[in-house]
Each structure stands twice: as structure tokens, then as C-alpha cells.
Protein chains: 2
Amino acid sequence: MSETEYAIHPRSTLHRHKERAHYDYGTIHKIMNTAPIWHVSFLPSDPSDPFPCMLPMLGQMASFANPDADPEADALDLYIHGHAASRLMRLPTASSQGNGNGDENEGVPVCISAAHIDSLILSLTPFNHSSAYRSAIIHGYATTVTSEDEKLFAMYRITNGLIPQRWENSRSPPTKSELISTGILRVRVVSASAKVNVGGPSDDRKDLKNEEVLDSVWTGVVPVYERLGTPVEAPVNRVKEVPAYLKGWIEERNREGEAYAKKTATMEKKKG
Amino acid sequence: MSETEYAIHPRSTLHRHKERAHYDYGTIHKIMNTAPIWHVSFLPSDPSDPFPCMLPMLGQMASFANPDADPEADALDLYIHGHAASRLMRLPTASSQGNGNGDENEGVPVCISAAHIDSLILSLTPFNHSSAYRSAIIHGYATTVTSEDEKLFAMYRITNGLIPQRWENSRSPPTKSELISTGILRVRVVSASAKVNVGGPSDDRKDLKNEEVLDSVWTGVVPVYERLGTPVEAPVNRVKEVPAYLKGWIEERNREGEAYAKKTATMEKKKG
């Protein structure tokens with residue numbers, strides 16, 4: 001573990017395709033903070049229920065204690081946003097009442113995952129098909145944020161993480177009642193890892209010598225990227241031009257997303 | 001529960017925004033089978049580890065017992081694909097050796113989630129920002145598929161679910177050794193639910209009467225969709241034209257994805 005890596009624990013250690021593993025802050029933070037959605041899993045609050053729970057949520061990694069943290073050099077917490085009355089937001093309170101899953105002092109143990117698919121890799125045979133992707137998995141303890149300042153900080157970061165400069169360009173700050181009905185969980189990272197795959201098809205020697213297969217099977221990469229479309233104004237909208245901060249961000253995101261997905265096709269795979 | 005719905009259990013019942021809930025086969029199967037990635041969560045195999053586990057995986061819903069099942073009218077199982085030696089694939093075996101999380105007869109309890117983001121909904125105030133999305137969460141028991149026929153069935157469905165007609169248009173069927181190193185889990189559904197949101201911004205009456213806010217804040221919807229780019233051939237590729245099945249599918253997927261995301265902006269929200 002270097003000074004710019006999260007702790008490595010057996011639960012977060014990659015055993016297969018170790019060459020795809022990353023534990024550094026920069027890679028993990030970037031995957032999490034550009035993912036449109038996080039999947040949050042937690043243990044059932046009813047101890048007789050054998051199934052883990054999962055919810056898709058919005059969030060951002062940031063540090064209230066160190067707001068100017070450098071995402072490449074400093075550890076961050078996770079902030080998850082939801083309605084104050086939702087199941088996930090009520091979890092730390094429910095847990096401290098004794099369901100046995102959490103430790104009052106630590107918080108509720110959660111696992112959070114985010115993944116981007118960057119390509120479909122079409123090899124000569126279905127078995128060797130794969131994809132370029134970037135995924136991160138984080139384990140940590142979730143607690144409810146109660147300080148108003150920290151709540152505002154998290155709401156600001158989540159809003160602007162999703163749509164840069166939106167906070168400043170909409171009616172903010174939130175009212176008292178908006179603040180009360182917003183739930184924010186802070187997750188302290190215990191262990192984390194990322195997995196990144198790039199490159200083109202890898203095929204078996206036998207298939208690469210099979211003339212009939214080579215002559216008939218198209219092989220290569222189909223880039224996959226998320227695209228933001230032309231904004232559609234709401235019936236009540238009075239601002240006739242799409243503002244520059246929004247237009248510029250949509251164009252930049254689209255350009256970068258497409259360029260990276262295309263680039264993965266010719267990127268060199270690390271050796272296993 | 002109707003005859004074309006999965007069982008509703010408290011763990012899968014939506015309490016907030018009930019109008020967004022769906023329990024029918026058609027909605028759930030479509031969300032799962034068009035998602036580029038599933039998130040699979042399961043309990044830790046080490047009972048002293050407090051954290052749930054999660055892995056991003058590929059899969060498809062289908063029924064080996066009823067291969068011609070109508071996704072709108074019939075229940076399906078989930079098939080998850082991985083390397084036979086991976087942690088998830090070895091889970092049912094490890095579990096039956098007594099980690100206490102699973103029941104040998106039932107399988108390993110898992111929770112599987114898939115989500116599509118269809119838009120960003122920009123309201124007048126950060127608090128009312130939301131998004132159009134389709135998500136599904138399924139709880140069920142996972143067992144390892146050992147029958148060669150069922151394994152082949154699952155591999156065929158997963159390959160063609162990801163890229164239609166790819167199985168027939170690449171070197172198939174798999175060799176014996178490919179079959180052995182492919183792990184397939186079958187998950188029998190116990191409970192399932194989907195959540196779908198569409199529409200434009202909803203704002204508070206007070207903000208909608210604030211002339212300064214109305215005059216300065218752009219409000220509307222930014223469509224979000226996954227795009228498949230121009231295929232990039234591999235250095236060994238000899239099939240000079242991108243085949244029609246691939247080209248046609250890319251065009252259709254892109255057209256449909258963009259059209260649906262745009263459409264959500266003007267779709268009527270169901271009343272809560």
C-alpha cells in the first residue's frame with residue numbers, strides 16, 4: 001500500500017487478471033465520480049432474511065474535512081444522497097437499535113460499486129468475447145450526516161458532480177425544509193479496488209490458424225459510450241438559449257466519452 | 001400478484017414513489033436483458049467479515065426448462081457468466097461446505113441489480129433535480145449449472161443477448177476445454193421489482209412564482225443514452241465489410257436508445 005492507495009484487504013484483492021487491478025486514489029475516484037449511478041449493497045435489517053439488499057443511488061466522493069483534497073493524492077469519503085425517509089438513509093439509525101449488522105460507533109457496513117462499459121470486444125469465438133470496462137468496488141462504514149454545513153457541502157458536490165456549475169446556476173442554497181428532507185450518508189472507506197480492461201480481441205492460437213474461421217468471422221471492437229443528447233426545454237422554461245456552462249459541458253463529455261471508448265480498441269493490454 | 005408478476009415481498013416493495021413501481025415480467029425482463037452490466041451482491045463467505053460483497057457481471061434472463069418462454073407472460077431464471085475459477089462461480093460449492101449463508105438445497109442467496117439512466121432532469125432548484133431511469137432488483141438463490149446442455153443454452157443466450165446473432169456468426173460451439181473453464185450460475189427468482197421514472201422537471205409552487213428564478217434558470221431535460229460507435233477491426237480481421245447483422249443491430253440500438261431517452265422528456269409522470 002503506497003501513500004496514495006486505499007488499504008488492500010483480501011475482500012478487495014483481485015486474484016484473476018491481476019494486471020487489471022488498481023488500488024490508487026486517482027483511478028478509483030475518477031471511476032466513482034464519473035459514474036452516472038452507484039449500486040449500494042447492505043445486509044438485510046431483518047436477520048431472518050437471507051438476502052443482501054441493493055439500491056441504485058447517486059453520490060460523489062469528496063472530503064468535508066479536506067475540501068481542497070487532490071483526488072490523485074488524498075483519500076476521500078463517499079457521500080450518498082436520498083430522501084431522508086428512505087430505507088437506506090434510515091439504516092444507520094435502525095442499525096444502532098440492534099439488528100446486529102452494524103456497530104453504533106463504526107456505522108453500517110456497505111459495499112458500493114460503479115462500472116463503465118467502454119467497448120464490446122468481438123473475438124473469433126464466443127468464449128473469448130470480452131469488453132473494455134472500468135469498475136470500482138468500495139467497502140466502508142456508512143453514517144448519517146447531521147451537520148448542516150456538511151450536508152450542504154455534500155449536496156453541492158453531488159449536484160455539481162452530476163452537472164458542473166448547476167448549483168450556482170439554479171435556485172440555491174436549499175430552503176430549511178429542503179435540507180431537512182434530504183438525507184446524506186457519509187461512507188468512510190475501509191478497502192477499495194478498481195478493475196480496468198482495455199484492448200482488442202485475444203484469440204487462441206488454434207483459432208488464429210483456422211483459415212475458414214479467419215475468412216468468415218468479423219473480429220474487432222465496438223466502442224460503447226454514454227451520450228448526452230440535445231437538451232429539451234421544460235414548458236415553463238424562459239431562458240431561450242441553452243446556457244454556455246451546460247452546452248460546453250455536454251459537448252466536452254460527449255467528445256471525451258467517444259474518444260476514450262474508441263481509443264480502448266487499440267490500447268495495449270497489460271500482461272497478466 | 002397477477003399471473004405475469006413476480007412474487008412481491010416486503011424486501012422488494014417500493015414504499016416511496018409507489019407510482020414508479022413495476023412487478024410484471026415484461027418490464028423486469030426487458031430492463032435486465034438490455035442492461036450492459038449486472039451488479040451481483042452476496043454475503044461474505046468469511047462470517048467475521050461485516051461487509052456484503054458485490055461484483056459487476058454479465059448475464060441474461062431465460063428459461064432452460066421453457067426455452068420458448070414469452071418474456072411478457074412467463075417467469076425466467078437469471079444466468080450469470082464467469083470464469084469457473086472465479087469467486088462468484090465457486091460460491092455455491094463453498095457455501096454448501098457450511099459458511100452458514102446458504103442452504104445446500106436452495107443455493108446461495110444473491111441480490112442482482114441493473115439500471116439504465118435515460119435523462120438528467122434539471123429543475124429550478126438542485127433539490128428537485130432528478131433523472132429518468134429504469135432499474136430492476138432481483139433476489140434469488142444461485143446454484144452452479146452442471147449440465148452441459150444447460151451451460152450451452154446459457155452461453156448461447158448470454159452471447160446473443162449481448163450481440164444478436166453473434167453465436168452463429170463466430171466459431172461455435174465451444175470446445176470441451178472452453179466449456180469446462182466457463183462457469184454459469186442459475187438464479188431462481190424469489191422476489192423482484194422494477195422502478196421506472198420518466199418526465200420533465202417538477203418544481204415547487206413558490207419557485208414557479210419567482211420571476212427572478214424563472215428568468216435566470218434554464219429548466220428541462222438532458223437525454224442520456226448508450227451509444228455504440230463505429231466498429232474498429234482487429235489487426236487479424238479478414239472480413240472487410242462489417243457484417244449486416246452487426247451493422248443493422250448497432251444502427252437499431254442507437255436509434256432506439258436515442259429515441260427513448262428523448263421521449264422520456266415529454267412523457268407524462270404517473271401520479272403518486
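Every heavy atom of this structure was used, including side-chain atoms; hydrogens, water molecules and symmetry mates were not. So that the names make sense, note that chain A is the first sequence line, chain B the second, and so on, each numbered from 1.
To the nearest 0.5 angstrom, I117(A) atom CD1 is 8.0 Å from E226(B) atom CD. How far CG of L120(A) is from CG of L162(B): 5.5 Å, rounded to the nearest 0.5 Å. Annotation: the span from I138(B) atom CD1 to M54(A) atom CE amounts to 10.0 Å, rounded to 0.5 Å. Within the model, atoms OG of S41(A) and CD1 of I112(B) stand 12.5 Å from one another, a figure rounded to the nearest 0.5 Å. Atoms OG and CZ, on S123(A) and R166(B) in that order, are 7.0 Å from each other to the nearest 0.5 Å. Annotation: the span from R238(B) atom CZ to E211(A) atom CD amounts to 4.5 Å, rounded to 0.5 Å.
Of the atoms belonging to L228(A), heavy atoms from both backbone and side chain fall under 4.5 Å from chain B. Using a 4.5 Å cut-off between heavy atoms, L214(A) contacts chain B through both its backbone and its side chain. Only the side chain of I250(A) comes within contact range of chain B, with at least one heavy atom under 4.5 Å from a heavy atom of that chain. At a 4.5 Å heavy-atom cutoff, E212(A) makes no contact with chain B through either its backbone or its side chain. With a threshold of 4.5 angstrom between heavy atoms, T159(A) approaches chain B through side-chain atoms but not through N, CA, C or O. Only the side chain of A265(B) comes within contact range of chain A, judged by heavy atoms closer than 4.5 Å. With a 4.5 Å cut-off on non-hydrogen atoms, I121(A) does not touch chain B at all. With a 4.5 Å cut-off on non-hydrogen atoms, L246(A) touches chain B through its side chain but not through its backbone. The contact between S216(A) and chain B is made entirely by backbone atoms, counting heavy-atom distances below 4.5 Å. Contact annotation for V213(B): only side-chain heavy atoms (C-beta onward) come within less than 4.5 Å of a heavy atom of chain A. Using a 4.5 Å cut-off between heavy atoms, L208(B) touches chain A through its side chain atoms alone. In this structure, chain A has no heavy atom under 4.5 Å from any part of I158(B).
Residues from residues 167-178 of chain A that place a non-hydrogen atom less than 4.5 Å from a non-hydrogen atom of chain B comprise W167(A), N169(A), S170(A), R171(A), S172(A), E178(A), given in numerical order. When the heavy atoms of residues 189-204 of chain B are compared with those of chain A, the residues falling under 4.5 Å are V190(B), P201(B), D204(B), listed by number.
Of the listed residues (S86(B), A85(B), P126(B), P243(B)), the one with the most heavy-atom contacts under 4.5 Å to chain A is P126(B).
No option in V40(A), V110(A), L43(A) other than L43(A) meets the side chain to side chain contact (heavy atoms under 4.5 Å, CB included) test with P52(B).
Applying the ring-ring contact (aromatic ring centres under 6.0 Å, His included) test to residues at least two apart or on different chains, the pairs with a partner in residues 35-54 of chain B are H39(A)-H39(B), H139(A)-F51(B), Y141(A)-F51(B). Legend: salt bridge (Lys or Arg N to Asp or Glu O under 4.0 Å) pairs involving residues 116-142 of chain A, not counting sequence neighbours, sorted by first then second residue: D118(A)-R134(A).
For L122(B) against I163(A), the heavy-atom pair with the smallest separation is CD1-CD1, 3.6 Å.
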